[in-house]
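Report on one structure; see the data block that follows.
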Amino acid sequence: MAETTGSGTTADAPASQPRKSSWKYIGPGIVVAATGVGAGDLVATLIAGSNFGYTLLWAAVIGCVVKISLAEAAGRWHLSTGRTLFDGWASLGRWTTWFFVVYVVIWGYVYGAAAMSSSGLPLQALFPDVMELKWWAILTGLVGLVFVWFNKYAVFEKVMTVLVGIMFVVTVYLAIRVTPHLGDAFAGLLPVLPDEKDSILNTLGLIGGVGGTITLAAYGYWVNAKGWTNTGWMKVMRLDNRVAYVTTGVFVVAMLFVGAELLHSANVAIASGDKGLVQLSGILEKEYGDATAKLFLVGFFATSFTSLIGVWHGVSLMFADFVERYRKERAGADTTALSGEEVASGAREKSVPFRAYLLWLTFPPMILLFQGQPFRLIIIYGVLGAAFMPFLALTLVWLLNSSRTPREWRNGWLSNGMLTIAGLLFLVLCIKQISDQDWGSFF
């Protein structure tokens, strides 16, 4: 069987021939790192640094390790079985299909508005007299739609890499600029809980919030879109995945440094949510000047916009995979034929379901930009979002310990341990999220 590469060329080597792990192949990891770390993650880390200094640095590092395990498992499923993750979920029962459909429809509707607003905020701050936030938000959504609509994975990856480079330069520059106390930072690697109420739950929240979204599930689809469709790419995928979460770790640690040095030491509080980053730009302007503040806003935009186009591309691929399976089931066709090679061919990126979900992410959410977010829908969105990560972790444990996976590539004790820990962690956070909702007002 011939093997396709990210450029669409065909190699004569056997499909199972192992590839040496090499930096020249890196790509999907950069994409998942950029998409997974949004403005909300940076704010959460900033607030952790402002509240606790370096005390929870260890939690941020553990969060990255947990996500390495999850993304590696998703990539390993795609490469070892030749099947997509949704195909694996469907083999566990129809309940997984119903969960996925309800999730992507409601989550996509609310997330679309949030992603556009997050991308519009830094642009409004950079150009305050041009137009209102909602129009900036709509503009970023339309640009993301057009970009993903007309470009396949190869171009998408290159643009994401450039934006990640901007994010990297800005966050590292800020971390150096605030002159971190490295002794305190190293002390923060010791697992110590802050002496405050709910410190355990706050710590778990930081661990779980480092780049943890549906984009972890999309990683396997990006691996296939790159042209990696068999076990010969396993070593490459694992290197790529480690690069992803080392990069994520750099972003998170850098922002925790900023929070610890700039906010904690001065006892300055910022708002939760994306507006906290706009507040930070004002603080940076007072401390270090207008150029640093504007540089930060450019990095803020890169962070938000990579999350937007990453979801526009990755989750649309997953939705297209779901529709293809449903169509074949209705036609009585063999659904076991669904494979990563179909994703690698690039046909899915031009399919009607892919583009239909792109439109769903872009246009209906614009209503929320004008009318505000309906209360009940936001509660459902919060519950579904909290439930997805334990769903991902625990179904990966199920799939990768069963006969669905070739014996050589099933979970070992380390993978099982890390995925189980991840599943339990996210289950606790899910229960907390559900219990924190205002159910009295909902009914």
Side-chain angles (χ1 to χ4, degrees), residues 33 36-37 40-73 171-172 174-175 178-213 216 241-265 267 269-270 272 386 389-390 392-394 396-397 411-433 435-436:
V37 179
D41 298 292
L42 297 187
V43 172
T45 311
L46 271 172
I47 291 175
S50 67
N51 289 341
F52 309 118
Y54 293 105
T55 304
L56 292 181
L57 180 59
W58 63 274
V61 173
I62 288 178
C64 293
V65 174
V66 168
K67 304 315 181 318
I68 285 175
S69 302
L70 282 164
E72 188 275 339
T171 53
V172 171
L174 288 178
V178 299
T179 318
H181 292 78
L182 295 181
D184 293 340
F186 281 116
L189 294 173
L190 296 174
V192 176
L193 291 174
D195 186 20
E196 293 196 14
K197 182 183 177 182
D198 294 331
S199 61
I200 294 178
L201 288 174
N202 289 332
T203 303
L204 292 177
L206 180 61
I207 294 173
V210 179
T213 67
L216 283 166
N241 179 45
R242 293 185 192 111
V243 169
Y245 283 96
V246 168
T247 304
T248 299
V250 170
F251 294 150
V252 170
V253 169
M255 294 310 290
L256 192 137
F257 280 8
V258 173
E261 294 295 342
L262 191 63
L263 305 178
H264 180 70
S265 58
N267 197 26
I270 61 171
S272 60
M389 291 304 288
L392 174 63
L394 297 175
L396 283 171
V397 171
N411 280 353
W413 66 269
L414 180 59
S415 293
N416 274 326
M418 292 302 298
L419 289 175
T420 302
I421 289 170
L424 294 175
L425 163 68
F426 289 116
L427 188 60
V428 170
L429 293 174
C430 176
I431 293 170
K432 180 180 184 296
Q433 177 82 1
S435 65
D436 285 347

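As the structure is a prediction and not an experimental result, all values here were calculated from the model.
You'll find the side chain of Leu216 reaches within 4.5 Å of the side chain of Met389, heavy atoms only. Counting only heavy atoms from C-beta outward, the side chains of Leu56 and Trp58 approach each other to under 4.5 Å. Side-chain contact between Asp41 and Val252 is absent, with no heavy atoms from C-beta onward closer than 4.5 Å. Contact of the Asn416 side chain with the Val397 side chain is registered, since non-hydrogen atoms from C-beta on lie closer than 4.5 Å. Contact annotation: the side chain of Met418 approaches that of Val65 to within less than 4.5 Å [non-hydrogen atoms, C-beta and beyond]. With a 4.5 Å cut-off on side-chain heavy atoms, Leu256 and Tyr54 count as touching.
Every residue two or more places apart in sequence or in another chain was checked for a salt bridge (Lys or Arg N to Asp or Glu O under 4.0 Å) with Asp184, and none qualifies. Every residue was checked against the salt bridge (Lys or Arg N to Asp or Glu O under 4.0 Å) condition with Glu261, not counting sequence neighbours, and none meets it. Partners of Phe251 under the ring pair (Phe, Tyr, Trp, His ring centres under 6.0 Å) rule, at least two apart in sequence or in another chain, do not exist in this structure.
Smallest separation of non-hydrogen atoms from Ser415 and Glu72: OG-OE1, 4.4 Å. Contact detail for Ala244 and Ala33: the closest heavy-atom pair is O-CB, 3.3 Å. Contact between His264 and Ser50 at its shortest, heavy atoms only, is ND1-O, 2.8 Å. When all heavy atoms of Ala422 and Val66 are compared, the pair lying nearest together is CB-CG1, 3.6 Å. Across every non-hydrogen atom of Gly423 and Leu394, the tightest pair is CA-CD2, 4.0 Å.
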